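The structure presented is a predicted model; accordingly, all values stated were derived computationally and were not measured. Numbered from 1 within each chain, the chains take letters A, B, ... in sequence-line order.
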2 protein chains.
Amino acid sequence: MAEGGSNGRSTGRSSQGFGGESLLFLTDEQLRQGIEAMFFAYRGFTADPDRILAEMSYGRAHHRAIHFINRAPGTTVNNLLTILGVTKQSLNRVLRTLISDGLVESRVGVSDKRERHLHLTENGKALEAKLSDAQRARMRAAYKDAGPEAVQGFKKVLEAMMDADMRRAYVTLRETGS
Amino acid sequence: MAEGGSNGRSTGRSSQGFGGESLLFLTDEQLRQGIEAMFFAYRGFTADPDRILAEMSYGRAHHRAIHFINRAPGTTVNNLLTILGVTKQSLNRVLRTLISDGLVESRVGVSDKRERHLHLTENGKALEAKLSDAQRARMRAAYKDAGPEAVQGFKKVLEAMMDADMRRAYVTLRETGS
DNA sequence: CTTGGAATGTCAACATGGCTGACATAAACT
DNA sequence: AGTTTATGTCAGCCATGTTGACATTCCAAG
């Protein structure tokens, strides 16, 4: 990309010449750095929970489900699969193991009996806390390293990177939580 | 986590009381927001290339391989799997399809005949450019939205989030590239 | 009230891409 | 030369994504 990137140079700047404001910081090289930073950072981001999960033959999919069920107790399968961005069939397998392992409880809806409302059991909450603690520790260290200003920018760029519906989901969760 | 997070409150602040500096910004709630931001943003980050790849029955693994081969032409299988953080067997399957599809060329090493040096063919470069363009467009838009200050912070936090060896790899690539 | 379609969730079968194990070849070190 | 180490390939397993078929429930039209 740096040298072999065919038309890499052609999109090298988002504005030619002086362009008025500070748009000349968007070189392809800097964008590529951001791409690689996302890739490497995401590995670190998931590394600690992954290690814990591997010990109990669970995977990232289980972590995600547990996280968001804890986040919004009583959520339905349908809600959850929208948030997670997978098919209901894929989610269902993960939920099945979590339910049969006694980490998640599935309650038939009262107003609508087609729905299943999901809750963590005590064991489920314990695992959630363990996973979250590990992930938060890494995040806390990174935040501390980078400083509050950087954290603001970090979140701002990530938000801008989301698809519109995910940004909506993210904001909704944020408002619900805090 | 917000309410059921067992010991969530106990780690709610990284420093009690006034503590001297601005360390009180690290509440669990804010850390959780960062975690969810990473999750949702990563989906957006991979969404555009994923769509392109799906059309040609490739996956994210192919994209990653192509990206880093383009980034460091002539790299060996061993180098590549260190960067990618997967096993050689896993990488091998992806490389096999890319080679047989004529996107990647594998040349036996001259000084060490055990090694295979990897290069993109013209077709490989074309696909790389197509994928990169899509991903850079998203990144460019996010950068523009968030502004240069935010981008600085974004990279700073991501770097702090990486494992030490990945940070080294990242920095090396960065220096090589620019 | 009944009936037909839409919504929700479950089960089955398949594909991708992780993984470990076994192995071939080349290099390196006694 | 002979053992050990490094590199890469092949085979098979598992987690988790996918689509398709289906049961249950709800709702709206007749």
Ranking dT16(D), dG17(C), dC10(D) by distance to the side chain of A61(A), first place goes to dT16(D)
Contact letters for nucleotides 20-30 of chain C, in which S counts primed atoms plus P, OP1 and OP2 and B counts the base, heavy atoms under 4.0 Å:
BB----BS---
dT16(C) OP1/OP2 closer than 4.0 Å to side-chain N/O of R96(B):
no
Take the protein atom CG of L91(A) and the nucleotide atom P of dA15(D), then report the distance between them rounded to whole Å.
17 Å
Student check: side-chain heavy atoms of R32(A) and R136(B) closer than 4.5 Å:
no
F68(A)/F39(B) under ring-ring contact (aromatic ring centres under 6.0 Å, His included): CA gap, chis, key distance, verdict:
CA-CA 11 Å; F68(A) 286 107; F39(B) 172 70; 5.5 Å; yes
Below 3.5 Å, can you tabulate the donor-acceptor pairs from side chains in residues 76-87 of chain A to any protein atom, sequence neighbours excluded?
unit_1	atom_1	unit_2	atom_2	d
T76(A)	OG1	N79(A)	N	3.1
T76(A)	OG1	N79(A)	ND2	3.4
N79(A)	ND2	T75(A)	OG1	3.4
T82(A)	OG1	N78(A)	O	3.0
T87(A)	OG1	S90(A)	N	3.3

Distance-only criterion, 3.5 Å: show the donor-acceptor pairs between side-chain atoms of residues 58-66 of chain B and protein atoms not counting sequence neighbours.
unit_1	atom_1	unit_2	atom_2	d
Y58(B)	OH	D101(B)	OD2	2.3
R60(B)	NE	D50(B)	OD1	3.4
R60(B)	NE	D50(B)	OD2	3.2
R60(B)	NH2	T46(B)	OG1	3.3
R60(B)	NH2	D50(B)	OD2	2.8
H62(B)	ND1	G59(B)	N	3.0
H62(B)	NE2	T97(B)	OG1	3.2

Applying a 4.0 Å non-hydrogen cut-off, can you work out what S57(A) is touching in the nucleic acid: base, sugar-phosphate, or nothing?
nothing
Between N92(B) and dT9(D), does any side-chain N or O lie under 4.0 Å from OP1 or OP2?
yes
Five-pair end axes of the helix from dC1(C)-dG30(D) to dT30(C)-dA1(D) and the angle they enclose, rounded to 10°
10°
Pull out every residue in residues 39-54 of chain A that has a heavy atom closer than 4.0 Å to any atom of DNA chain C, ordered by number, or say none.
none
Once you round it to whole Å, what is the distance between P of dT16(C) and CG of L95(B)?
16 Å
Roughly how many Å is it from CG in L80(B) to C1' in dG8(D), rounded to a whole number?
13 Å
Tell me whether Q89(A) at atom CD has more than 12 heavy atoms from other residues, nucleotides or ligands lying less than 6.0 Å away.
yes
Tell me whether R140(B) contacts the main-chain N or O of L26(A) through its side chain, where contact means a donor paired with an acceptor under 3.5 Å.
no
Below 4.0 angstrom from OP1 or OP2 of dG17(C), is there any side-chain N or O of H62(B)?
yes
Answer yes or no: is there a donor N or O on one side and an acceptor on the other, between the side chain of T121(A) and the main chain of G102(A), under 3.5 Å?
yes
Do H67(A) and E36(B) make a side-chain contact, defined as non-hydrogen atoms from C-beta onward lying under 4.5 Å apart?
yes
With no hydrogens and no angle check, is any side-chain donor or acceptor of Q135(B) less than 3.5 Å from a backbone partner on F45(B)?
yes
Walk me through it: do E55(B) and R51(B) pass the test salt bridge (charged side-chain N to carboxylate O under 4.0 Å, His left out)?
CA-CA 7 Å; E55(B) 288 170 12; R51(B) 262 188 293 274; over 6 Å; no
Take atom CD of E115(A) and atom C1' of dA23(D), then tell me their distance rounded to the nearest Å.
17 Å
In whole Å, what is the span from the CG atom of L118(A) to the P atom of dG9(C)?
8 Å
Pair R107(B) + E105(B), salt bridge at N-O below 4.0 Å
yes
Could you tell me the separation between the CZ atom of R60(A) and the P atom of dG17(C), rounded to a whole number of Å?
15 Å
Select base, sugar-phosphate, or nothing to describe what R93(A) touches, counting heavy atoms under 4.0 Å on all strands.
base
Name the residue closer to the 5' end of DNA chain D, choosing between I99(B) and V86(A) according to the nucleotide with the nearest heavy atom.
I99(B)
Let me check something: any side-chain donor-acceptor pairs from residues 154-165 of chain B under 3.5 Å, sequence neighbours excluded? List them with distances.
unit_1	atom_1	unit_2	atom_2	d
K155(B)	NZ	Q30(A)	O	3.4
K155(B)	NZ	Q33(A)	OE1	3.3
E159(B)	OE2	R174(B)	NH1	3.1
D163(B)	OD1	R138(A)	NH1	2.9
D163(B)	OD1	R138(A)	NH2	3.2

Rounded interatomic separation in angstrom, taking NE2 from H63(B) and P from dG18(C):
14 Å
Integer-rounded Å distance: dT24(D) C1' and N78(A) CG
15 Å
